[in-house]
Student: 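Before I ask anything, here is the structure I am working with.
These figures come from a predicted structure and were not determined experimentally.
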Amino acid sequence: MVVLEVANRIFGCKSRLKGSTLMETLVATILIMVVFVVASLVLNNLFSSSINSNISVITNHLNELEYLQSHNQIRLPYSDTFDNWDIMVSNQKEGRNNIIVFEATNKATNNVVSKVVHAME
């Protein structure tokens with residue numbers, strides 16, 4: 001108490017600052033923690049969904065298979081497994097045109113990525 005009086009005289013303060021009670025401090029701390037928990041859950045959901053929906057790796061592999069097929073390096077029908085994807089390449093007839101269907105199915109999520117290429121005769 002003596003220290004506060006000396007500090008008030010030195011700095012010229014006439015009134016004391018009112019502090020917060022323990023209950024107010026606890027409520028504010030809990031509110032801040034709730035906001036951080038909700039924010040972290042939202043960010044976690046965003047990151048995990050972006051990772052699960054990333055199909056660039058399988059798209060690149062399908063492009064590679066398309067290149068190999070166009071240069072007669074693979075025989076149709078072709079099936080393979082790449083990472084967690086089942087890949088099927090087949091030759092189909094659509095009207096008078098032949099098309100080649102590249103299809104990849106994720107084993108875990110059942111997502112399907114497909115690509116259709118018109119076959120050269």
Student: Measure the shortest side-chain to side-chain distance between Leu76 and Ile100 over non-hydrogen atoms and say whether it is less than 4.5 angstrom.
Tutor: yes
Student: Taking a hydrophobic cluster as the set of Ile, Leu, Val, Met, Phe, Trp and Tyr residues connected by side-chain heavy atoms closer than 4.5 Å, whether directly or through intermediates, do Val116 and Met88 fall within one such cluster?
Tutor: no
Student: Judged by atom type as modelled, is there a donor-acceptor pair below 3.5 Å linking the side chain of Asp83 to the main-chain atoms of Trp85?
Tutor: no
Student: For the atom pair CD1 (Ile74) and CD (Glu66), what is the distance rounded to the nearest 0.5 Å?
Tutor: 10.0 Å
Student: Please identify which of these residues, Val113, Val57, Ile55, meets the side chain to side chain contact (heavy atoms under 4.5 Å, CB included) condition with Leu62.
Tutor: Val113
Student: Can you tell me how far CG of Leu46 sits from CG of Leu41, rounded to the nearest 0.5 angstrom?
Tutor: 11.0 Å
Student: Quick check: is Val117 connected to Val112 through a chain of hydrophobic side chains (ILVMFWY, heavy atoms under 4.5 Å apart)?
Tutor: no
Student: Above 12 or not: heavy atoms from other molecules or residues under 6.0 Å from CD of Glu94?
Tutor: no
Student: Does one hydrophobic cluster hold both Phe82 and Phe102, with members joined at side-chain heavy-atom distances below 4.5 Å?
Tutor: yes
Student: Does Asn60 reach the side chain of Ile58, with side-chain heavy atoms less than 4.5 Å apart?
Tutor: no
Student: Does the side chain of Val38 reach to within under 4.5 Å of the side chain of Phe36, using non-hydrogen atoms?
Tutor: no
Student: Considering all heavy atoms of both residues, which atom of Lys93 and which atom of Asn98 are nearest to each other, and what is their separation?
Tutor: CD-OD1, 3.5 Å
Student: Tell me if a side-chain donor or acceptor on Glu24 pairs with a main-chain N or O of Leu22 at a distance below 3.5 Å.
Tutor: no
Student: Is any side-chain heavy atom of Leu65 less than 4.5 Å from a side-chain heavy atom of Gln69?
Tutor: no
Student: Nearest 0.5 Å please: distance from the CG atom of Asn84 over to the CG atom of Asn106.
Tutor: 5.0 Å
Student: Can you name the closest pair of heavy atoms from Thr81 and Asp86 and give their distance?
Tutor: OG1-OD1, 3.5 Å
Student: Any donor-acceptor pair under 3.5 Å linking the side chain of Ser48 with the backbone of Asn45?
Tutor: yes
